[in-house]
**Student:** 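Just passing along the structure, written as structure tokens.
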Amino acid sequence: MVRISEDTVRQVAKLARLAVSDEEAQRLAPQLDEILSYAEQLQEVDLKGVAPTSHPFPLFNVLREDEPRKSFPREVMLANAPDTDGEQVRVPAVLEG
Amino acid sequence: MAVHTVKQVMESIRKRESKPSEWVERALERIERLDGRIGAFLALDEQALAKARALDERAPDHPLFGVPYALKDNICTEGLRTTAASRILANYVPPYSATVARKLAETGAVLVGKTNLDEFAMGSSTENSAFQKTRNPFDLERVPGGSSGGSAAAVAAGMVPFALGSDTGGSIRQPAAFCGVVGLKPTYGRVSRYGLIAFASSLDQIGPFTRTVEDAAWVLNAICGHDPLDSTSAPLPAEDFTQGLDAGVQGLRIGVVTDIDTTGLDPEVKRAVDAAVAALARAGAEVVEVSLPHCQYAVATYYLIAPAEASSNLARYDGVRYGLRVETDSLVETYERTRSEGFGTEVKRRIIIGTYALSSGYYDAYYKRAQQMRTLIRQDFEAAFARCDVIVTPTAPTTAFRLGEKIDNPLQMYLNDLYTIPANLAGLPGISVPCGLSSQGLPIGLQILAKAFDERTLLRVARAYEQVRGFELPVPDVEGAAR
């Protein structure tokens, strides 16, 4: 049963902001299909009423005192940015005309 | 040249028989001599020797003072390039250090370099690195395992006495088994993950590679503890994991899993693990049979949960604030081109699986069911640990496979993790200890699992096994093995 077609790969890739070439879609589709078919075995088990686990141990909100702390200087934070104007990160136009 | 343990280096420095800089020089010389063949290191810290020389003048004030070590390159180091073996971070220089790196620096341990891994720690062979292959020191045609293959190989070849890796589904334990060293995945929350480049946040944990169990305890002492910068780190008091190591296994119950999947289990691995259980029984442990009925679903569960978390974690690589940017006229296209050129095939594969499993219409069938199965797997362990103190299994179903053997078959690669994944899903501590060599001279690993936050019992059993296993840890002849 083919669940993952090349079109599905392209659609899902788009959701994840990945551009996949035709060649990649062709290679990935059967691999992803095989992996998801393998995962299909989870469908055979009765999981009704089983609470999901999202984390190994119970977690509670971790709070700290709201005290100002030292933060990184701007130039340090901008040092890894691909493009800046010296004060802010610069990106291509967000609104397309 | 002799290969040394953490303890040997530590004692020699403490007795003032040697200086930190001599050990760092040795490490650098050995890397220089052997790493051309192995490819464990992505980068060396140019400052290492200068830092060690500065320590020479000081009195040793911590057990790890002056001990050289390596970090997997998904652990951030301030001012030292950290790539996660990905093109997207090829030029990333972190403005801060991971808590583990900071803690080790405070003890006086000396970082010599950053080791290779599968890109973003996604893989079981280190072949998914965007930069280089790492070879198994026992057989240069074989993989070192993964994803922390560089750290495992570096310790196995005696280039450093210890190294840190990260373990999301077995990425410390499986390469430790393949390379014939000790690999410890602590309990989830035992070690701060601040500064570890995130893969799957509910599963990731940092831990050490060492040559002995005692060494692992020394390193764990130095890196464990609550960290306000990691809200998932456990608020527990510091412990000395070297205490009680030699208490033996008399009176302890060793669980052997009766319903473990042995489909792909190499008979030689099975024999070595059976022999290890027998050795522990002779040493006074009681062997009990336990059942983990839902662990047969662990791989399926993991390969939905881990990619789902990864697809979310890796959304941050958009070419805006750091990392690669492939610029186009539009922002959306810039994101897409950046991510497509920056990520390798396995990373894309997992982002797509994860995005699919989380997408509306499939969420209940995939992601939610996987989380429900995770509950059952966790409960299996709770029931099993009511009957025993530790559980032993093989670490991996086979010895190290050949380079290229599984690279085009992702599902086969994933199935290699079937014995290590359950501990990550349940958050439990696990260790791999060498338990023999195959007829081809390849290392075999024994996995031991314990209750959450019971690393003491885990290490005690591992240490007891190490003492009765009846062989010395082999040092691979890297130069002899080269053709």
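So that the names make sense, note that chain A is the first sequence line, chain B the second, and so on, each numbered from 1.
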**Student:** So, taking the atom named OH in B:Tyr356 and the one named CG in A:Leu32, what distance separates them when rounded to the nearest 0.5 Å?
**Tutor:**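 Here the interatomic distance stands at 9.5 Å.
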
**Student:** Restricting to non-hydrogen atoms, name the atom on B:Arg374 and the atom on A:Thr53 that form the minimum distance, rounded to 0.1 Å.
**Tutor:**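 In this case the closest contact between B:Arg374 and A:Thr53 is CD-O, 3.7 Å.
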
**Student:** Among B:Asn91, B:Val299, B:Ile305, single out the residue with the greatest number of heavy-atom pairs under 4.5 Å to chain A.
**Tutor:**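 The residue among B:Asn91, B:Val299, B:Ile305 with the greatest pair count is B:Val299.
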
**Student:** With a 4.5 angstrom heavy-atom cut-off, which part of A:Gln11 approaches chain B: side chain, backbone, both or neither?
**Tutor:**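 Neither the backbone nor the side chain of A:Gln11 comes within 4.5 Å of chain B.
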
**Student:** Please state whether the side chain, the backbone, both or neither of A:Leu47 comes within less than 4.5 Å of a heavy atom of chain B.
**Tutor:**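 When you check distances to chain B, atoms from both the backbone and side chain of A:Leu47 fall under 4.5 Å.
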
**Student:** How far does CD of B:Glu309 sit from OG of A:Ser54, to the nearest 0.5 angstrom?
**Tutor:**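 One gets 8.5 Å once the value is rounded to the nearest 0.5 Å.
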
**Student:** Got a second to check how far A:Lys14's NZ is from B:Thr355's OG1, nearest 0.5 Å?
**Tutor:**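 Nearest 0.5 Å value for the NZ-OG1 distance: 13.5 Å.
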
**Student:** Under a 4.5 Å heavy-atom cut-off, does chain B meet the side chain of A:Arg90, its backbone, both or neither?
**Tutor:**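 Interface part for A:Arg90: backbone (N, CA, C, O).
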
**Student:** With chain A as the partner, which of B:Tyr96, B:Tyr92, B:Tyr367, B:Tyr188 has the greatest number of non-hydrogen pairs under 4.5 Å?
**Tutor:**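 Going by pairs under 4.5 Å, I would pick B:Tyr188.
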
**Student:** So for A:Ala51, is it side chain, backbone, both, or neither that comes closer than 4.5 Å to the heavy atoms of chain B?
**Tutor:**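 Backbone only.
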
**Student:** Identify the two heavy atoms, one from B:Gly427 and one from A:Pro56, that lie closest to each other, and give their separation to 0.1 Å.
**Tutor:**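 Of all heavy-atom pairs spanning B:Gly427 and A:Pro56, the closest is CA-CB, 3.7 Å.
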
**Student:** If you tally heavy-atom pairs under 4.5 Å against chain B, which of A:Ser21, A:Ala39, A:Ala13 wins?
**Tutor:**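 Top count of heavy-atom pairs under 4.5 Å with chain B: A:Ala39.
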
**Student:** Please state whether the side chain, the backbone, both or neither of A:Tyr38 comes within less than 4.5 Å of a heavy atom of chain B.
**Tutor:**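 When you check distances to chain B, atoms from both the backbone and side chain of A:Tyr38 fall under 4.5 Å.
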
**Student:** Is A:Leu42 in contact with chain B via its backbone, its side chain, both, or neither, using a 4.5 Å heavy-atom distance?
**Tutor:**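 Both backbone and side chain.
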
**Student:** Would you please test A:Leu28 and B:Arg349 for side-chain contact (heavy atoms from CB on, under 4.5 Å) and show each step?
**Tutor:** CA-CA 7 Å; A:Leu28 285 169; B:Arg349 201 147 44 212; 3.9 Å; yes

**Student:** Given 3.5 Å as the limit, does a donor-acceptor pair link the side chain of B:Arg321 with the main chain of A:Leu78, or not?
**Tutor:**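 Not at all, since once roles are kept as given, no pair shorter than 3.5 Å links the two residues.
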
**Student:** If I compare all heavy atoms of B:Met373 with all of A:Val45, which pair ends up nearest, and what's the gap?
**Tutor:**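 Smallest heavy-atom distance, with atoms named: CE-CG2, 3.7 Å.
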
**Student:** Measure B:Ile377 against the heavy atoms of chain A and call it side chain, backbone, both or neither at under 4.5 Å.
**Tutor:**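 Contact with chain A is absent: no heavy atom of B:Ile377 under 4.5 Å.
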
**Student:** When the ring centroid of A:Phe57 is compared with that of B:Phe453, is the distance short of 6.0 Å?
**Tutor:**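 Close enough - the centres of the two rings lie under 6.0 Å apart.
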
**Student:** Are A:Leu36 and B:Leu304 close enough, and set up right, to give a side-chain contact (heavy atoms from CB on, under 4.5 Å), and what steps lead you there?
**Tutor:** CA-CA 9 Å; A:Leu36 287 164; B:Leu304 293 170; 4.0 Å; yes

**Student:** Measuring heavy-atom distances to chain A, does B:Ala357 have an atom under 4.5 Å in its side chain, in its backbone, in both, or in neither?
**Tutor:**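 It is neither, since no heavy atom gets under 4.5 Å.
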
**Student:** With a 4.5 angstrom heavy-atom cut-off, is it the side chain or the backbone of B:Ser311 that approaches chain A, or both, or neither?
**Tutor:**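 Neither part.
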
**Student:** Determine yes or no for a side-chain-to-main-chain donor-acceptor pair under 3.5 angstrom, with B:Gln372 supplying the side chain and A:Val50 the backbone.
**Tutor:**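 Pair found, side chain donor or acceptor close to backbone of A:Val50.
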
**Student:** When you look at B:Lys348 and A:Leu18, which way does the side-chain contact (heavy atoms from CB on, under 4.5 Å) test go after all the steps?
**Tutor:** CA-CA 8 Å; B:Lys348 288 181 193 168; A:Leu18 287 170; 4.2 Å; yes

**Student:** Checking heavy atoms, do the side chain of B:Ala426, its backbone, both or neither come under 4.5 Å from chain A?
**Tutor:**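 Backbone only.
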
**Student:** Of all the heavy-atom pairs spanning A:Met77 and B:Pro95, show the shortest one and how long it is.
**Tutor:**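 The answer is CE-CG, 3.4 Å.
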
**Student:** Of the backbone (N, CA, C, O) and the side chain (C-beta and beyond), which part of B:Gln379 lies under 4.5 Å from a heavy atom of chain A, both, or neither?
**Tutor:**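 Neither part.
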
**Student:** Say whether, by atom type as modelled, one donor and one acceptor occur between the side chain of A:Asn80 and the main chain of B:Val93 under 3.5 angstrom.
**Tutor:**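 Looks like yes, one N/O pair under 3.5 Å.
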
**Student:** Go through the atoms of B:Asn409 and report whether side chain, backbone, both or neither lie under 4.5 Å from a heavy atom of chain A.
**Tutor:**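 Side chain only.
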
**Student:** Which answer fits A:Val91, side chain, backbone, both or neither, if we ask what part of it has an atom under 4.5 Å from a heavy atom of chain B?
**Tutor:**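 Backbone plus side chain of A:Val91, per the 4.5 Å heavy-atom cut-off to chain B.
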
**Student:** Using non-hydrogen atoms and a 4.5 Å limit, figure out which bit of A:Asp83 sits close to chain B: side chain, backbone, both or neither.
**Tutor:**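 Interface part for A:Asp83: both.
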
**Student:** Under 4.5 Å from any heavy atom of chain B, what part of A:Val62 do you find: side chain, backbone, both or neither?
**Tutor:**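 Contact with chain B: side chain only.
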
**Student:** Run A:Arg17 and B:Tyr317 through side-chain contact (heavy atoms from CB on, under 4.5 Å) and show every step you take.
**Tutor:** CA-CA 10 Å; A:Arg17 294 279 185 254; B:Tyr317 302 102; over 6 Å; no

**Student:** Contact part of B:Ala234 toward chain A, heavy-atom cut-off under 4.5 Å: side chain, backbone, both or neither?
**Tutor:**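 Contact with chain A involves no heavy atom of B:Ala234 at all.
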
**Student:** Determine whether A:Pro92 and B:Thr328 make a side-chain contact, defined as any pair of heavy atoms from C-beta on separated by less than 4.5 Å.
**Tutor:**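 Answer no - side chains too far apart.
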
**Student:** Please check if atom CD in A:Glu44 has more than 12 non-hydrogen atoms from other residues, nucleotides or ligands closer than 6.0 Å.
**Tutor:**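 Correct, the count exceeds 12.
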
**Student:** May I ask you to test the B:Ser201-A:His55 pair for a side-chain heavy-atom distance under 4.5 Å?
**Tutor:**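 A side-chain contact is absent here, since even the closest heavy-atom pair is not under 4.5 Å.
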
